[in-house]
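Just so you know, ligand 1 is whichever comes first in the structure, and atom 1 is the first atom listed for that ligand. Along the sequence shown, residues carry numbers from 1.
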Amino acid sequence: MRIFLLVLLGIIVNGNIWAQETKGLNPLLQNVYGRNVQILNGYWNYLVDPLETGYYDYRRRPSPFGFFKDVEVDNINAYKEYDFDTAPVMPIPGDWNTQNYELFQYEGTVWFRRVFNFNKNSDKRSYLYFGAANYHTIVYLNGKKVGEHEGGYTPFNFEVTDFLVDGKNKLIVKVDNKRRADAVPTNNFDWFNYGGITRDVLLVEAPSTFIQTYKIQLKKGSSNTIQGEVKLNGDKPLQKIVVEIPELKIRREVTTDNNGLARFDQVVNSKILNLWTPQNPKLYTVNIISETDKIIDEIGFRTIETKGNKILLNGKPLFLKGVSVHEEAAYRNGRIFSADESRILLGWAKEMGCNFVRLAHYPHNEHMVREAEKMGLLVWSEIPVYWTIHWKNPDVYANALNQLSEMIERDQNRANVIIWSIANETPHGDDRDIFLSNLAKYTRAKDDTRLISMAMERSDKSPTVLSIKDNMSEFVDIISFNQYVGWYDGINEKLDRVRWEIDYNKPIIISEFGGEAVFGLRGDVSEIWTEEYQAELYAKTLKMIDERMPEISGISPWVLKDFRSSRRLLPNYQDGFNRKGVVSDKGDKKLSFFVLREWFKTR
Ligand code: GCU
């Protein structure tokens with residue numbers, strides 16, 4: 001399997017694995033919300049199975065009679081030791097931790113079952129689509145395994161055309177959120193390990209030959225040429241495709257090749273093209289019509305590139321007024337999955353004067369990205385290659401690559417996504433450099449219209465001459481780094497004494513800075529954990545930037561909202577939360593929120 005996986009997922013070049021394509025057996029459907037779907041969200045029965053009794057027999061071998069069979073017995077002639085019909089129900093999507101507090105710290109397997117009716121329409125194909133499930137998922141339909149997925153924050157789907165029956169269907173899903181050292185992320189990360197089916201579940205209908213992927217965006221470096229790519233999936237790959245952008249008076253006909261692929265350049269009248277910007281997040285209706293399918297999307301057009309140490313949006317220098325965001329709901333703190341809850345967090349960022357959000361440390365749900373696009377918020381999107389990844393393990397690389405591929409494929413038509421981030425705070429080393437540089441090369445090959453970055457760590461020249469020195473600097477477009485002077489490194493007064501020497505002629509972003517404060521804990525500015533101390537840390541950091549880092553291109557302080565983390569145990573201060581938010585977990589704005597808001601007004 002491992003060799004097959006590598007062959008499927010990569011080409012071994014000079015001993016390095018660098019995947020040309022990561023397509024599994026089920027290519028990811030794009031823009032599923034633009035298709036006919038049967039929404040399978042709702043109340044699902046569930047069974048908590050810490051010993052995976054529903055999967056293994058008593059000799060720890062996968063059992064053919066597992067819970068996924070959901071056999072109906074009369075308990076006289078045959079017995080079973082599980083029952084979904086009488087099992088409790090849980091609203092899906094939604095993490096199990098905050099929906100059943102007996103499962104708050106549970107890490108293991110939960111089985112979910114959804115029974116649904118289906119009218120078999122012979123000439124259509126059907127895909128089961130999951131927005132995400134954390135962390136390892138196996139999907140069964142009517143007692144048969146349709147597929148499995150590893151990774152807790154990216155979409156996946158399986159074709160189920162031949163698994164569906166007319167009438168009643170049983171969908172059973174095994175989700176296991178156990179952390180593992182050889183996973184992505186590893187078993188060590190500073191956010192809460194919410195488990196379960198955490199995003200939408202859809203049964204997607206598609207024609208026998210459908211539009212699998214498309215990418216429509218201004219060509220790199222051009223403001224009057226749209227570059228398009230459309231890929232068909234099915235038994236009629238050779239088709240005429242019409243791409244319409246009515247508002248731009250564009251109607252372009254192209255023909256796909258034997259692989260179902262068509263690429264084209266289309267001149268656009270730049271006099272009528274309203275470029276997407278944070279101030280004017282203009283989206284255009286784009287119709288993509290093949291002989292057997294049609295899909296509609298709302299796409300913004302803009303160019304993003306770097307020139308020396310500047311980031312250029314539509315050819316103009318851009319300063320990223322940002323904040324880092326975890327995908328955790330305001331107030332209730334569970335995993336976010338809806339547009340409504342996404343808008344609350346994004347609304348706080350807008351209120352603070354942001355034009356940018358760093359969606360850390362994993363791809364957020366599609367609604368978060370689409371709502372940010374409508375609100376004029378640029379996005380940094382990141383895969384959870386976080387801290388001490390097993391750099392030498394090819395399966396770990398394949399996993400990271402697959403999550404990267406799924407992230408790009410889902411959001412490659414979102415104008416506001418300008419940065420793909422391939423890592424956060426990873427320790428320097430040859431194996432890490434090979435792993436990450438291959439991810440960077442893959443990203444460049446898959447999408448040359450966006451910028452690549454990663455959150456690096458400091459490599460100081462002395463305790464007060466701070467610097468960045470990272471072999472990965474040649475592979476990224478933007479040098480981003482996390483620094484915690486005033487919190488992990490000295491107290492606030494140190495911010496007045498440090499200076500920076502960063503010798504790269506590339507744009508620089510401070511991707512994290514900050515300190516913890518308990519909302520409502522007021523006191524002297526010298527007292528850590530008070531709002532005053534956090535506010536002064538922000539004020540001194542921003543002053544340091546104004547005085548000694550005038551050339552940087554942006555910031556995304558850590559973090560918008562206090563978030564749950566099982567690493568944060570200090571009683572009466574943290575109580576299971578990382579308190580670096582400028583907003584508390586209950587939605588209260590701390591003093592630092594207003595310090596940052598005032599500074600953004602000067603930018
Ligand atoms: C790191 C890391 C974050 C973490 C933060 C902190 O920079 O990237 O994930 O939460 O520091 O220590 O609060």
Qualifying residue, where the test is side-chain contact (heavy atoms from CB on, under 4.5 Å) with R302 and the options are I418, L378, T277: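 So, applying the side-chain contact (heavy atoms from CB on, under 4.5 Å) to R302 and each of I418, L378, T277, only I418 qualifies.
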
Suppose I only count heavy atoms of [X] and a 4.0 Å limit; which atoms of ligand 1 are within that range?
X: E425; answer: 1 (C), 2 (C), 7 (O), 8 (O)
X: N482; answer: 7 (O), 8 (O)
X: N424; answer: 2 (C), 8 (O)
X: K580; answer: 6 (C), 12 (O), 13 (O)
X: H361; answer: 3 (C), 8 (O), 9 (O)
X: D190; answer: 4 (C), 6 (C), 10 (O), 12 (O), 13 (O)

Determine the sole option in D477, D411, D447, T443 for which the side chain to side chain donor-acceptor pair (under 3.5 Å) test with W420 is passed.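 The residue from D477, D411, D447, T443 that satisfies side chain to side chain donor-acceptor pair (under 3.5 Å) with W420 turns out to be D447.
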
Where does [X] meet ligand 1, judged by heavy-atom distances below 4.0 Å: at the side chain, the backbone, both, or neither?
X: W558; value: side chain
X: R568; value: side chain
X: N578; value: side chain

Between Y46 and F112, what is the ring plane arrangement, given parallel below 30°, perpendicular above 60°, and tilted in between?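 The rings of Y46 and F112 sit tilted, inter-plane angle from 30° to 60°.
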
Parallel, tilted or perpendicular, as decided by the 30° and 60° cut-offs, for the rings of Y573 and W529: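 Because their plane-to-plane angle lies in the 30° to 60° range, the rings of W529 and Y573 count as tilted.
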
Say whether E512, considering both its backbone and side-chain N or O atoms, lies within less than 3.5 Å of an N or O atom on ligand 1.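 N/O-N/O distance under 3.5 Å: yes.
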
Out of F563, W191, Y488, who is nearest to atom 12 (O) of ligand 1 when you count heavy atoms only?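 Considering heavy atoms of F563, W191, Y488, the nearest to atom 12 (O) of ligand 1 sits in Y488.
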
Return the option from F513, Y484, Y386 holding the heavy atom at the smallest distance from atom 5 (C) of ligand 1.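 Shortest heavy-atom distance from atom 5 (C) of ligand 1: Y484.
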
Salt bridge check: are R180 and E107 linked by an N-O gap of less than 4.0 Å?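 No, this pair does not count.
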
Does R603 make a cation-pi contact with F319 (under 6.0 Å, within 45 degrees of the axis)?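 Yes.
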
At their closest point, which heavy atom of L495 faces which heavy atom of R548, and how far apart are they?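 Heavy atoms only, the tightest pair is O-NH1, 3.0 Å.
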
For residues 452-460, run the donor-acceptor check on the side chains, cut-off 3.5 Å, and write out each pair with its distance to 0.1 Å, sequence neighbours left out.
residue : atom : partner : partner atom : Å
S453    : OG   : I478    : O            : 2.8
S453    : OG   : S480    : OG           : 2.8
R458    : NE   : D460    : OD1          : 3.1
R458    : NE   : D460    : OD2          : 3.1
R458    : NH1  : D489    : OD2          : 3.1
R458    : NH2  : D460    : OD2          : 2.6
R458    : NH2  : D489    : OD2          : 2.7
S459    : OG   : K469    : O            : 3.2
D460    : OD1  : S467    : N            : 3.4

